[in-house]
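Okay, structure first, notes after.
By convention in this document, chain letters (A, B, ...) are assigned in the order of the sequence lines, proteins followed by strands, and residues within each chain are numbered from 1. A quick note: this is a predicted structure, and the numbers were derived from the prediction, not measured.
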2 protein chains.
Amino acid sequence: METVPVWLRERRTGVGRPAERSRAEVTAAAIALADREGLAAVSMRRVAAELGTGPASLYRYVDSRDDLLDLMTDEMATEYRLPEPGGPWLPALLEVYRQGRAVMLRHPWLPELLLTRSALGPHSTELLEHVLAILAAHPAGAGRKLEAFAVMTTLTAALTLNELNASSGAPQRQGAYLAHAIAAGRHPHLTAALAGGPPTPAPRFEDTVSRVLTGLLGE
Amino acid sequence: METVPVWLRERRTGVGRPAERSRAEVTAAAIALADREGLAAVSMRRVAAELGTGPASLYRYVDSRDDLLDLMTDEMATEYRLPEPGGPWLPALLEVYRQGRAVMLRHPWLPELLLTRSALGPHSTELLEHVLAILAAHPAGAGRKLEAFAVMTTLTAALTLNELNASSGAPQRQGAYLAHAIAAGRHPHLTAALAGGPPTPAPRFEDTVSRVLTGLLGE
DNA sequence: ACTCTTTCGGGAACAGTGTTCGCGAACAAT
DNA sequence: ATTGTTCGCGAACACTGTTCCCGAAAGAGT
């Protein structure tokens, strides 16, 4: 029962044969592979091949595939370019999540990882610290602020995942059954909602985010 | 490229040798197995063993494991016991997601499936119809209502998943690094937020949900 | 210069996975 | 009884994450 997260499991250096690669290198290779061929392609063998080594070598840098996924996720938090906290909190937080969406669009495998595992690494912690700084003057309690951070991460991932699914082949799969359900005629409200072809103007990302933010943190 | 969802791929009956089992039976076996041993235990071989057959037989009822997971997910929508729509929308929706959480606590494998795949089957569609009925008098556009449904499903799943992880061995994993980050001293706001031991009173599920709901749908 | 100790690299193997093939059996219709 | 069609499913294929283990490589101590 290993309860220590990856980031606290540093190897001691200076003794024995030096490593030919680094944890960062392995992470970068996995990210490149995921960007190119999707998360399903990130197997230990494929990542190893990416680095020109055998699969067993990766276990010198990472304890398991799950560890590697956590490292990939946390690494994404380095792509934010955030201005110094200051000014009203709402536009500042909006900028944070706008950038979050941009990162996820660049790395389409990210939302799934963010939604299914809840690993807080060093870089994600930096991001949390930044959000808390933005909210420093906000009167809400610490519990509500932490909750807002968690909910907004989830919300951003969920909205972006929807966007990504919509722009790939998925709508046929999803829409096919809905069309059938409407044709069957037993869903009056659904029929009414989808009357005008596609789901009618989908709300803009920033619009939804700022609505939920004001809901979570008040005014 | 098969874009037709499972639910529209019914087999024709009355010709040839009759099937010994049914799609519903296979789904039920998979659900029972997932309830008992978790989602990872739901392999084609284990499900087949549950039914006393060989793994290849399952492919008479289901095109792939993904199909089976979609069937399991949609089946969960039958566990809702919802009152007739009527009255103010907020408490009515709150009841929907309170029940959603209850279903997920009963079937701890559900959140992960809801978060990673977005399959709308017959029973989920019934639930969507119910939510739209609750919102029938609401002035928001159809796009916003549909988005609210998608977002709330995801959010409920994410929150419940967090709850489930927190009540198992996971909090150590998450808390361990946070403690380390605070000890390092470079995160003043984070340190302040976590000053009083645990994250201060964690907001209740219904509280969070109703805040997000009013954010999404106004009022 | 030599050993000692420690770590790294990675081939081979294990236990498992999803899925396909193909054949014999079982039924409905003719 | 024959034909058409479906079902059951053993066997096999190409993968997966992970562990074992051994030889190689480097620094430390003498």
[X] and [Y] ion-paired at < 4.0 Å:
X      : Y      : answer
R36(A) : E50(A) : yes
D67(B) : R23(B) : no
E95(A) : R98(A) : yes

Round to the nearest Å and state the distance from [X] atom [atom1] to [N] atom [atom2].
X      : N       : atom1 : atom2 : value
L58(A) : dT18(D) : CG    : P     : 11 Å
E20(A) : dG10(C) : CD    : P     : 6 Å
E25(B) : dC7(D)  : CD    : C1'   : 14 Å
D63(B) : dC7(D)  : CG    : C1'   : 15 Å
L51(A) : dG10(C) : CG    : P     : 10 Å
R46(A) : dC15(D) : CZ    : P     : 10 Å
D66(B) : dT19(C) : CG    : P     : 7 Å
Y59(A) : dC21(D) : OH    : P     : 17 Å

Paired with E79(A), the side chain to side chain donor-acceptor pair (under 3.5 Å) test is passed by just one of H107(A), H123(A), Q99(A), namely H107(A)
Note to self: Does R65(A) contact dG17(D) through a side-chain donor or acceptor facing the base, at a distance under 3.5 Å?
What the structure shows: no
Quiz item: Is any side-chain N or O of R17(A) under 3.5 Å from a base N or O of dG27(D), one able to act as donor and the other as acceptor?
Solution: no
Per nearest nucleotide of DNA chain D, the residue lying toward the 5' end, R21(B) or S64(A), is R21(B)
Ranking R60(A) and G54(B) by the position along DNA chain D of their nearest nucleotide, the one closer to 5' is G54(B)
Looking only at the side chain of [X] (C-beta and beyond, no hydrogens), which of the listed nucleotides [options] gets closest?
X      : options                   : value
P55(A) : dG9(C), dT18(D), dC7(D)   : dT18(D)
A56(A) : dG10(D), dT16(D), dC20(D) : dC20(D)
R45(B) : dT18(D), dT19(C), dC9(D)  : dT19(C)

* Asked: Side-chain contact, heavy-atom cut-off 4.5 Å: Y97(A) with V131(A)?
  -> yes
- Message: Please confirm whether the shortest side-chain N or O distance from S57(A) to OP1 or OP2 of dG9(C) is below 4.0 Å.
- Response: no
Side-chain N or O of S43(B) closer than 4.0 Å to phosphate OP1/OP2 of dT17(C): yes
Judged by nearest nucleotide, the residue sitting upstream toward the 5' end of DNA chain C, A40(B) or Y61(A), is Y61(A)
